[in-house]
Amino acid sequence: MTRPLRAPDTSPGARILGVGSYRPTRVVGNAEIAARIDSSDEWITRRTGIRSRRHAGPDETIVTMAVEASLKALAAAGVAPEAVDMVLLASMSDLQQSPPTAPRIAHLVGARSAAALDTGAACAGFSYTLGVADSLIRSGSARHVLVVGSERMSDIIDPEDRGTAFLFGDGAGAVVVGRSDRPGIGPVAWGSDGEKAGLLAHNRSWLAVREAPHPWPTMRMAGPEVFRWAVHTVPHTARRALELAGVTAGDLAAFIPHQANARIIDGLAKDLGLAEDVVIAREVATLGNTSAASIPMAMESVLSLGSLPAGSRALLVGFGAGLLYAAQVVELP
């Protein structure tokens, strides 16, 4: 008689146990950017809400920033590195294809026996990866998962491109996800719109650089089209996440969307009918768009206010290149 396969011990839920972030030292104001793109501080601020962003220095790499954010998250969670079973890195700006980056992060934080995996879901990367971490915990495949978003967007942006140079910044954010006796992370509402993928994409492949003396591939964006896509698609995704979690906008204490543009953030908040006392993350003003790092970095800032008790519910919404989108309701640590 064939023995049945043994199944892991499942968990009724998963929750975020701790949050950490790393902000590069160098602050880059709008005036410095505007000088190279025939623009102005006033125009950038009015169109995006961004006043400054951080650019990483030579020693502030995808790995080093991720490690600093991860160590802070582990300390906040009270979880030892050796108790981490999986390290998930979300990043779209890592220029080294091989070896994968997550295993190096796992080694440097001390999670040396953990599995490790890179994900490349761009600006929706953190929300996508958090959904994967939640599933790993609930399925019994892991006890603790370290979820990291780390980006050096300055490496893949043309500083003279008027459509993107002023938008993006660098940094890293991380959370530790662990078991819970009830769900602390709601079901993820996610999807993609590959038909419009070219609206926010590199202008050429790396292969083109190898075969001919082309310029360095950089991100390009059809700004008005991406803006219209976001304000049309993302509210539906946010409301779907609320529905899947069995809550309403009135149950939220915080709204932590991807920090792409202040006008998009304000439009989403209005569309959802958020109450005046809901804390809305607006880190875009001083960090710009940090892609997969933006939500965990903004989450740490929201928690640093000290006004939200543990268990407060927040709606996370990620969206961007791909065009990928994802949202989930979480209980804050």
Working for side-chain contact (heavy atoms from CB on, under 4.5 Å), residues L95 and R152
CA-CA 9 Å; L95 300 178; R152 273 183 59 115; over 6 Å; no

If you measure from [atom1] on [X] to [atom2] on [Y], what distance do you get to the nearest 0.5 Å?
| X | Y | atom1 | atom2 | value |
| --- | --- | --- | --- | --- |
| S312 | L252 | OG | CG | 10.5 Å |
| R53 | S154 | CZ | OG | 11.5 Å |
| N289 | I50 | CG | CD1 | 7.0 Å |
| S135 | L130 | OG | CG | 9.5 Å |

Shortest non-hydrogen contact between [X] and [Y], atoms and distance:
| X | Y | result |
| --- | --- | --- |
| L274 | A249 | CD2-CB, 4.1 Å |
| S291 | A122 | OG-C, 3.5 Å |
| M65 | A56 | SD-CB, 4.2 Å |
| A73 | A174 | CB-O, 3.6 Å |
| V27 | R54 | CG2-NE, 3.4 Å |
| P24 | H55 | CB-O, 3.8 Å |

List the residues meeting ring-ring contact (aromatic ring centres under 6.0 Å, His included) with [X], not counting sequence neighbours, and say none if there are none.
| X | value |
| --- | --- |
| H236 | H232 |
| F166 | W43 |
| W206 | H202, W216 |
| W190 | Y128 |

Evaluate side-chain contact (heavy atoms from CB on, under 4.5 Å) for T233 paired with K196, printing each intermediate quantity in order.
CA-CA 12 Å; T233 302; K196 297 181 175 64; over 6 Å; no

Sequence-distant partners of [X], salt bridge (Lys or Arg N to Asp or Glu O under 4.0 Å), two or more places apart:
| X | result |
| --- | --- |
| E42 | R46 |
| E32 | R26 |
| E225 | none |
| D118 | none |

Does [X] reach the main-chain N or O of [Y] with its side chain, forming a donor-acceptor pair under 3.5 Å?
| X | Y | result |
| --- | --- | --- |
| D41 | A31 | no |
| T248 | G250 | yes |
| S127 | A124 | no |
| Q259 | V284 | yes |

D155 versus S93, side-chain donor and acceptor atoms under 3.5 Å:
no

Can a side-chain donor-acceptor contact be found between N30 and T45 if the only test is distance below 3.5 angstrom?
yes

Out of curiosity, does [Y] fall in the hydrophobic cluster containing [X] (side-chain heavy atoms, cut-off under 4.5 Å, transitive links)?
| X | Y | answer |
| --- | --- | --- |
| I16 | L88 | yes |
| M92 | L89 | no |
| L17 | L332 | no |
| L272 | I265 | yes |
| Y325 | L167 | yes |

Compare all side-chain heavy atoms of [X] with those of [Y] and state whether any distance is below 4.5 angstrom.
| X | Y | result |
| --- | --- | --- |
| L244 | V188 | no |
| L207 | R210 | yes |
| V63 | Q96 | no |
| P12 | R182 | no |
| V84 | V176 | no |
| M153 | D170 | yes |
| R138 | I185 | no |
| P217 | N203 | yes |

Could you check L200 against M219 for side-chain contact (heavy atoms from CB on, under 4.5 Å), going step by step and ending with a plain yes or no?
CA-CA 7 Å; L200 181 51; M219 288 285 293; 3.5 Å; yes

Any pair counted as salt bridge (Lys or Arg N to Asp or Glu O under 4.0 Å), so long as it reaches residues 98-107, sequence neighbours left out:
none

Pairs where residues 58-81 contributes a residue and the test salt bridge (Lys or Arg N to Asp or Glu O under 4.0 Å) is met, not counting sequence neighbours:
none

Can you label the angle between the H258 ring and the F319 ring as parallel, tilted or perpendicular, going by 30° and 60°?
perpendicular

Determine all donor-acceptor pairs shorter than 3.5 Å in which one atom belongs to a side chain in residues 295-308; sequence neighbours excluded.
unit_1 : atom_1 : unit_2 : atom_2 : d
E300   : OE1    : S21    : OG     : 2.3
E300   : OE1    : R23    : NH1    : 3.3
E300   : OE2    : S21    : N      : 3.3
S301   : OG     : R23    : NH2    : 2.8
S301   : OG     : E283   : OE1    : 2.9
S301   : OG     : E283   : OE2    : 3.4
S301   : OG     : M297   : O      : 3.4
S304   : OG     : S301   : O      : 2.6

Would you say that more than 12 heavy atoms from the other residues, nucleotides or ligands in this model lie under 6.0 Å from the CZ of R313, or not?
no

Residue R263 excluded, over 12 heavy atoms near CZ under 6.0 Å:
yes

What pairs meet the ring-ring contact (aromatic ring centres under 6.0 Å, His included) rule with one or both residues in residues 2-41, with sequence neighbours excluded?
none

Working for side-chain contact (heavy atoms from CB on, under 4.5 Å), residues V329 and L315
CA-CA 4 Å; V329 178; L315 174 62; 4.0 Å; yes

